[in-house]
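Every number for a ligand or one of its atoms is a count from 1 in the order of the listing. Keep in mind it's a predicted model, so treat the numbers as computed, not measured.
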Amino acid sequence: MYSDLAGKVAIVTGASQGIGRGIALRFGQEQMKVVINYHTDTSEAEQLAEEVKAAGGEAIAIQADVSKEAEVKELIMKTVQIFGGLDVLVNNAGIQTTCSSHELSLEDWHKVMDVNLTGAFVGCREALKYMLEHQIKGSIINMSSVHQKIPKPFHAHYASSKGGLKLLTESLALEYAPYGIRVNTIAPGAIATPMNEHILSDPRQKEDVLSLIPMNSIGEPKQIASAAAWLASEEANYVTGVTLFVDGGMTLYPFYLKG
Ligand code: NAD
């Protein structure tokens, strides 16, 4: 627990399930004021808001499609109206589709980019504007992936969006460090969430994934939430522009374990 987080205002995008849900719950335990952004799952988001309150925080669910500039602006505006400020933004919302790259339509390319990269950029831009105007030394966390580093065939659009997020984070971290605003990336490995349920529920495919993870276990949203809480807190107040890999060693070339 990080005592400085109590009472701070955080937005978590795409928070109605998976990793975002885990982060919202952890922020609730930290007694933060949490905006649970969701795209379509109103009842899940409202139910989560109740759970965040039960955990000790304050919470509200706000609908917004992060791929729409106007909706992201409104999300930030409503947050400030309701909770009186903004200290932490977690750009977590993300989508992934599978397609051979030579057959990938521009429409499908844009769909992934618009949510994963452009949505995060607009969120960063609006949060930075607010934080600068109000001299808030805030923390922005972008949810990337091990695929900002590991190439991902059949997911060129997804990997490109995450690679872009890495340099977006680093560029913003450098630009706003003089103002005390920190911008970091978390890069999860294989985490058990609805995004990859279809793979992890198949024992053979799950074995294939486990063979890529030196720590030999699938991650959980709460492990990503621990990293998010630390990066949001004052304990990380000298940390900016980093990618924190939370992946059980997946990015460490596990092949070489075989000797
Ligand atoms: P998930 O599919 O369970 O959750 C993604 C969330 O994003 C959902 O709540 C969804 O509604 C929301 N979302 C999608 N489009 C949106 C939009 N236009 N506007 C607002 N919200 C939208 O997936 P997850 O595994 O929890 O993934 C969360 C983040 O972590 C993503 O950015 C993903 O790329 C990243 N990630 C996940 C893993 C993993 O193994 N699960 C690994 C690496 C990175």
Side-chain angles (χ1 to χ4, degrees), residues 11-26 35-49 61-76 89-98 108 110-124 141-150 152 155 157-166 168-169 185-201 205-206 208-210 212-213 217-225 227-228 243-248 250-251:
I11 299 175
V12 185
T13 68
S16 58
Q17 63 179 41
I19 290 172
R21 178 184 163 79
I23 294 172
L25 279 171
R26 173 64 190 257
V35 171
I36 296 160
N37 159 249
Y38 68 97
H39 187 201
T40 51
D41 323 318
T42 311
S43 60
E44 282 89 342
E46 283 173 356
Q47 165 64 28
L48 176 60
I62 300 182
Q63 194 281 333
D65 177 344
V66 300
S67 69
K68 305 269 184 334
E69 183 181 20
E71 295 188 26
V72 176
K73 282 180 160 185
E74 209 181 319
L75 172 66
I76 304 242
L89 170 66
V90 184
N91 284 309
N92 165 77
I95 54 172
Q96 172 167 230
T97 57
T98 307
D108 287 348
H110 281 307
K111 261 189 208 157
V112 168
M113 285 293 169
D114 287 353
V115 176
N116 296 10
L117 183 57
T118 311
F121 162 67
V122 177
C124 288
I141 300 167
N142 293 322
M143 199 57 64
S144 177
S145 162
V146 288
H147 296 295
Q148 73 168 46
K149 180 173 176 179
I150 305 174
K152 196 170 193 193
H155 300 84
H157 44 344
Y158 182 78
S160 302
S161 72
K162 297 303 187 182
L165 212 44
K166 172 188 185 284
L168 172 67
T169 298
T185 293
I186 297 175
I191 311 299
T193 70
M195 182 179 269
N196 51 25
E197 202 171 12
H198 60 292
I199 295 171
L200 299 178
S201 59
Q205 291 195 69
K206 186 176 174 184
D208 287 348
V209 175
L210 282 172
L212 301 171
I213 307 171
S217 63
I218 304 295
E220 295 173 34
K222 68 178 181 195
Q223 292 168 316
I224 306 300
T243 293
L244 181 47
F245 286 93
V246 185
D247 67 353
M250 199 180 204
T251 40

Trainee: If you compare all heavy atoms of Ala228 against all heavy atoms of Ile141, which two are closest, and at what distance to 0.1 Å?
Mentor: O-CD1, 3.5 Å

Trainee: Quick check: does any side chain N or O of Asn92 sit under 3.5 Å from a backbone N or O of Thr13, one acting as donor and the other as acceptor?
Mentor: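 Yes, Asn92 side chain to Thr13 backbone: donor-acceptor pair under 3.5 Å.
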
Trainee: Where do Met143 and Pro188 come nearest, in terms of heavy atoms and distance?
Mentor: SD-CG, 3.7 Å

Trainee: Taking all heavy atoms of His157 and all of Thr97, pick out the closest pair and write down the distance.
Mentor: NE2-OG1, 2.7 Å

Trainee: If we count only N and O atoms by modelled type, under 3.5 Å, do the side chains of Lys162 and Gln96 hold a donor and an acceptor together?
Mentor: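 Checked: Lys162/Gln96 side chains show no N/O donor-acceptor pair below 3.5 Å.
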
Trainee: With a 4.0 angstrom cut-off on heavy atoms, strictly below it, pick out the residues next to ligand 1 and order them by chain and number.
Mentor: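 Within the 4.0 Å shell of ligand 1, which is judged on heavy atoms, sit Gly14, Ser16, Gln17, Gly18, Ile19, Asn37, His39, Ala64, Asp65, Val66, Asn92, Ala93, Gly94, Ile95, Val115, Met143, Ser144, Ser145, Tyr158, Lys162, Pro188, Gly189, Ala190, Ile191, Thr193, Pro194, Met195, Asn196.
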
Trainee: Over all heavy atoms of both residues, which pair between Ile150 and Met250 is shortest? Give the atoms and the distance, please.
Mentor: CD1-O, 4.0 Å

